[in-house]
Amino acid sequence: MTPPFRTTLWRVLGIQLATLILLWLLQSRYAS
Amino acid sequence: MHWINWVIVAVYLVVVVFDGLRRTRGTTNIEGYFLANRSLPWWAVGLSVMATQLSAITLIGTTGQGATDGLKFVQFYFGLPIAMVILGVTLVPFLHGAKVYTAYEYLERRFDPKTRSLTSLLLLISRGMSCGTIIAAPSVVLSSIFGWDLIWCVALIGVPTVLYTVIGGVQAVAWADVKQMFVIAGAMLAIIVVLIVRMPIPMDDALHIAGAAGRLQVFDFSFDLSKTYTFWSGILGGTFLMLSYFGTDQSQVQRYLAAKSVDEARSSLLMSAYWKIPLQALILLTGVLVFLYYLFQPAPLLFNPRHDALVRAQEPAAYASLQSRYTAAIASRQAAARVASTARRSGNEATVATALTEFRTSEAAVSVIRTDALDAAARVSGEASRDVNYIIPRFVLDQLPLGFAGIFIAAVLAAAMSSIAAELNSLSTATVVDFYQRWIRPTASDGHFLTVSKIATAIWGVFACIVATYAATLGSLIEVVNRFGSFFYGSILGVFVLAMIPRVGARGAFVGLLSGMATVGAVAIYVPSISFLWHNLIGVVAVVAIGLLLSVGASASATPVRRSTP
């Protein structure tokens with residue numbers, strides 16, 4: 001069963017945003 | 001390599017080929033062969049798209065890049081989810097609803113036959129050559145690592161892939177991709193677990209050291225067109241590159257044309273968007289962990305064993321001097337890393353800062369010696385060193401427990417095979433549908449077209465293997481073709497954008513396409529400082545502007561195609 005397009009869309013955007021935040025946190029904490 | 005590792009590789013190859021041969025069901029007609037009778041579930045299409053993009057060079061080259069340059073390459077993919085969303089609501093419903101076999105077929109319905117033929121021909125030239133380089137890149141690495149003749153490595157990758165692609169068509173390709181994606185993900189996770197378990201200092205300290213060495217710098221917000229990887233080139237240039245690739249390259253378009261419905265096609269695209277940035281970040285992070293691992297283990301001076309042997313044999317005195325400097329430098333770097341780790345636990349910020357500065361100095365000293373060694377390798381071998389591609393294979397073969405090397409080699413083969421199979425299948429589709437059926441034999445039985453399709457796949461497979469075998473000598477030619485390819489990717493996307501604007505006619509599209517390619521070519525030649533990531537954006541803008549300009553005032557010679565699906 002295909003999930004509705006809008007649900008998939010929000011999930012995609014959510015995962016990308018979460019990844020960007022994680023990468024930002026990684027950089028802020030460790031990069032010097 | 002231990003025989004158990006070879007057994008793992010052999011089992012993988014037998015399973016993939018056997019399963020591919022088994023999946024000939026439904027491939028008795030051309031729609032079954034090229035589009036799996038439009039019956040594939042969205043998740044299989046999504047995994048297939050992901051596996052296709054993840055080539056062997058991503059697996060070995062990108063991890064190596066993580067070890068040497070850190071995480072900044074991930075910015076390249078920032079535009080991908082945006083592109084997927086745009087395609088999901090624009091081009092996918094158009095193409096899927098038009099019930100076409102190739103994306104270019106749609107351009108004939110919308111414009112004229114010459115626009116279709118030109119775009120399809122451009123694909124054949126560029127992807128035909130790039131298919132050869134996709135086989136060549138891992139073959140060269142395997143050949144150097146195992147000391148085999150290049151032709152055997154090309155055969156190891158090429159023969160099974162051609163076999164299951166020719167016989168099973170897109171059905172075999174897509175289902176093989178699904179399995180290959182699991183093999184690749186499994187191998188990467190196994191390597192990461194081993195790296196974390198074997199880290200001799202706490203992970204928090206290790207990451208601080210990686211950060212001090214510049215390996216955890218992700219974002220670069222400078223708006224500099226000459227820099228390849230910045231936040232803006234990823235978001236803007238990357239979006240247009242991905243739109244061009246996923247929207248107009250037959251190897252990708254064919255995947256979602258094979259989906260059951262428009263909704264499934266859209267979901268499959270979004271599914272590959274789900275994991276792309278996290279997956280690439282993970283691959284680069286694996287490289288960073290390998291860098292950290294080698295801080296505490298003796299790393300080879302040159303990771304490419306063939307180059308190492310060449311420099312050692314032809315410049316023994318220089319090699320001995322480099323090696324002794326290198327041994328001393330990595331010992332001092334290891335000591336500095338341990339001091340930095342201990343200093344962090346002291347809690348004294350000044351001590352930590354001094355220790356990290358000390359570490360940076362020792363890391364810079366190691367880099368200088370490595371650069372000297374790479375220069376020597378390039379001088380002696382007469383070719384670019386590309387040592388970065390050998391870091392992960394050497395790490396896996398020399399350092400990991402028994403069995404891991406087999407899984408890793410299987411994953412490299414899987415990554416190469418999934419990309420090649422998709423290319424061969426799309427090259428064959430474009431050859432048969434856009435040229436043979438369109439210009440030579442418009443009407444014939446399905447059986448006839450099926451046979452021709454299989455022959456076309458086999459011919460493209462043999463062509464790609466020949467290109468791969470001569471990749472070293474064809475080096476500059478391949479570079480020219482790839483450069484040529486970057487001239488028209490954005491321009492083809494521009495034509496598809498024009499196709500969605502009702503007033504644009506065939507003349508505007510064709511002249512726009514030629515002008516767009518010329519514009520990008522001129523920019524690439526006369527303003528070489530502009531990074532290639534911006535070329536696609538320039539191509540799209542040029543084609544759309546010129547196409548619109550030519551169509552304004554012209555009577556509605558274009559007959560807009562009605563959208564057959566919402």
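Residue numbering restarts at 1 for every chain, and letters A, B, ... go by the order of the sequence lines.
Contacts of L20(A) with chain B are made by both backbone and side-chain atoms, with heavy-atom separations under 4.5 Å. Using a 4.5 Å cut-off between heavy atoms, Q27(A) touches chain B through backbone and side chain atoms alike. Contact of R215(B) with chain A is not made at all, since no heavy-atom distance falls under 4.5 Å. Proximity to chain A involves both the backbone and the side chain of A212(B), based on heavy atoms less than 4.5 angstrom apart. For chain A, the nearby part of L71(B) is the side chain; its heavy atoms alone come within less than 4.5 Å.
Between D220(B) and K72(B), no side-chain nitrogen of the basic residue sits less than 4.0 Å from a carboxylate oxygen of the acidic one, so the salt-bridge criterion is not met. A salt bridge does not link R333(B) with E358(B): none of the charged nitrogens is closer than 4.0 Å to a carboxylate oxygen.
Using cut-offs of 30° and 60° for the angle between ring planes, the W232(B) and F223(B) rings count as tilted. Using cut-offs of 30° and 60° for the angle between ring planes, the F219(B) and F78(B) rings count as tilted.
Here the shortest heavy-atom pairing between M199(B) and L289(B) reads CE-O, 4.0 Å.
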